[in-house]
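Contents: one structure, followed by commentary.
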Amino acid sequence: MSKDFENAVEGLAQGAAGAEAAAAGPQRGPEADAASHPSVPRLRARFGDAILHHEVVAGDEHVVYVRPERILEILGWLRDDPEERYDFLKDLTAVDYGGGRPLQVVYQLWSIPYRRGLRLKAELPLDALEIDSATRLWHTANWLEREVYDMFGIRFRGHPDLRRILMPENYAEGHPLRKDFPLRGRFSRAEQTRRALSVDLDDIYFPEELEVGGIRYRPTGSGSAGEGPGAAEGGAA
């Protein structure tokens, strides 16, 4: 095993704090010709300096960077303007390039009437990971924003139910898709094992699943001695 490979693996294991994390500028490509996508000139004419950059990636994927404080206004216009009609939010996710760079919130839009796509990105500095929720425009943003919150720690203002969706609600090691998240987790193996052995079954299973397994579920606050919060008892029903 080469020394470079060993260093790379060790860097992944320790996260950005243990690797070279030189501050770097935004992760952007060269400016594209605005006329190459029908929506870009109209975005620039409508929102002026709120449109920061336009690039083309992977051959024909048009990406427009916008100011995060204008994101809801811009998304709403793209959805409702008769000449745009991006009525389908295909995806909403985030990207962390590490090295102290801002986190990118990514909106992948599709216009069903005009059969064309557009990707918007809003960059958030690491000390201000908050942006308006798109749930008031598309209901499909609900679970997607919860996933971004869970994996990256980005908060969405106005979200109706912002909580973890993949990791347990009491997960204490942070946000696993951030570049500063150590590959082996933030806790030692011994601490991870201790925590795994101490969790209640209702941290892992729904009450209905416990019933199927013949385990009597006792919800939080049941009050009986020896029946702690979320306690479950084994044995056939």
Side-chain angles (χ1 to χ4, degrees), residues 1 4-24 26-27 68 91-107 121-135 140-210 213 215 217-221 228-232:
M1 182 183 298
D4 287 346
F5 183 77
E6 291 180 4
N7 290 339
V9 172
E10 185 62 24
L12 285 173
Q14 296 182 10
E20 295 182 5
Q27 187 79 10
D91 197 8
L92 193 164
T93 185
V95 180
D96 180 4
Y97 287 100
R101 297 182 181 89
L103 266 61
Q104 297 181 347
V105 184
V106 184
Y107 305 83
K121 287 189 174 184
E123 294 182 319
L124 303 176
L126 297 179
D127 59 353
L129 296 177
E130 190 168 284
I131 193 169
D132 286 333
S133 170
T135 52
T140 189
N142 189 317
W143 283 14
L144 298 173
E145 289 182 346
R146 283 180 60 187
E147 182 179 7
V148 171
Y149 164 69
D150 193 357
M151 295 290 106
F152 294 90
I154 295 172
R155 302 192 66 83
F156 292 87
R157 288 186 295 265
H159 191 287
D161 185 26
L162 191 62
R163 56 191 169 91
R164 289 187 183 273
I165 191 170
L166 298 175
M167 307 304 289
E169 191 61 29
N170 58 357
Y171 183 71
E173 295 193 61
H175 307 284
L177 288 187
R178 290 275 294 273
K179 282 291 190 297
D180 59 1
F181 186 88
L183 190 61
R184 294 172 181 150
R186 298 191 186 282
F187 299 146
S188 67
R189 289 295 188 210
E191 176 63 12
Q192 289 175 343
T193 302
R194 188 191 69 77
R195 286 172 177 262
L197 294 175
S198 65
V199 298
D200 293 324
L201 288 179
D202 58 302
D203 282 334
I204 304 171
Y205 300 102
F206 291 110
E208 294 80 5
E209 293 175 308
L210 295 175
I215 299 173
Y217 173 70
R218 297 184 183 280
T220 300

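The first residue of the sequence shown is numbered 1, and numbering continues consecutively from there. A quick note: this is a predicted structure, and the numbers were derived from the prediction, not measured. Any value given below was found using the heavy atoms of this structure, including those in side chains, with hydrogens, waters and symmetry copies removed.
Taking CD of E147 as the start and OG1 of T93 as the end, the distance is 6.5 Å to the nearest 0.5 Å. Between the CZ atom in R164 and the NE2 atom in H175 there is a gap of 5.5 Å [rounded to 0.5 Å].
For the residue pair E123 and P68, the shortest heavy atom distance occurs at O-CG, 3.5 Å. Among all heavy-atom pairs drawn from R157 and D132, the shortest one is NE-OD1, 2.9 Å. Y107 and I131 make their closest contact through OH-CD1, 3.6 Å (heavy atoms, listed as atom of the first residue, atom of the second, distance). When every heavy atom of Y97 is checked against every heavy atom of K179, the shortest pair comes out as C-CG, 4.1 Å. G158 and S133 make their closest contact through C-CB, 4.0 Å (heavy atoms, listed as atom of the first residue, atom of the second, distance). Among all heavy-atom pairs drawn from A94 and I154, the shortest one is CB-CD1, 4.0 Å.
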Show your working on side chain to side chain contact (heavy atoms under 4.5 Å, CB included) between D150 and R146 and close with a plain yes or no.
-> CA-CA 6 Å; D150 193 357; R146 283 180 60 187; over 6 Å; no

Derivation of the side chain to side chain contact (heavy atoms under 4.5 Å, CB included) call for F156 and T135 = CA-CA 9 Å; F156 292 87; T135 52; over 6 Å; no

Would you check, one step at a time, whether the test side chain to side chain contact (heavy atoms under 4.5 Å, CB included) holds for R178 with L103?
-> CA-CA 9 Å; R178 290 275 294 273; L103 266 61; 3.6 Å; yes

Please assess D91 against L144 for the test side chain to side chain contact (heavy atoms under 4.5 Å, CB included), listing each intermediate value before the final yes or no.
-> CA-CA 7 Å; D91 197 8; L144 298 173; 3.9 Å; yes

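Counting only distance, with no hydrogens or angles, the side chain of K121 and the backbone of Q104 share no donor-acceptor pair below 3.5 Å. The closest donor-acceptor contact from the side chain of E145 to the backbone of A134 lies under 3.5 Å.
The side-chain heavy atoms of L177 and D96, taken from C-beta on, include no pair separated by under 4.5 Å. For the pair W143 and I165, the minimum side-chain heavy-atom distance is below 4.5 Å.
Other residues, nucleotides and ligands contribute at most 12 non-hydrogen atoms within 6.0 Å of the CZ atom of R155.
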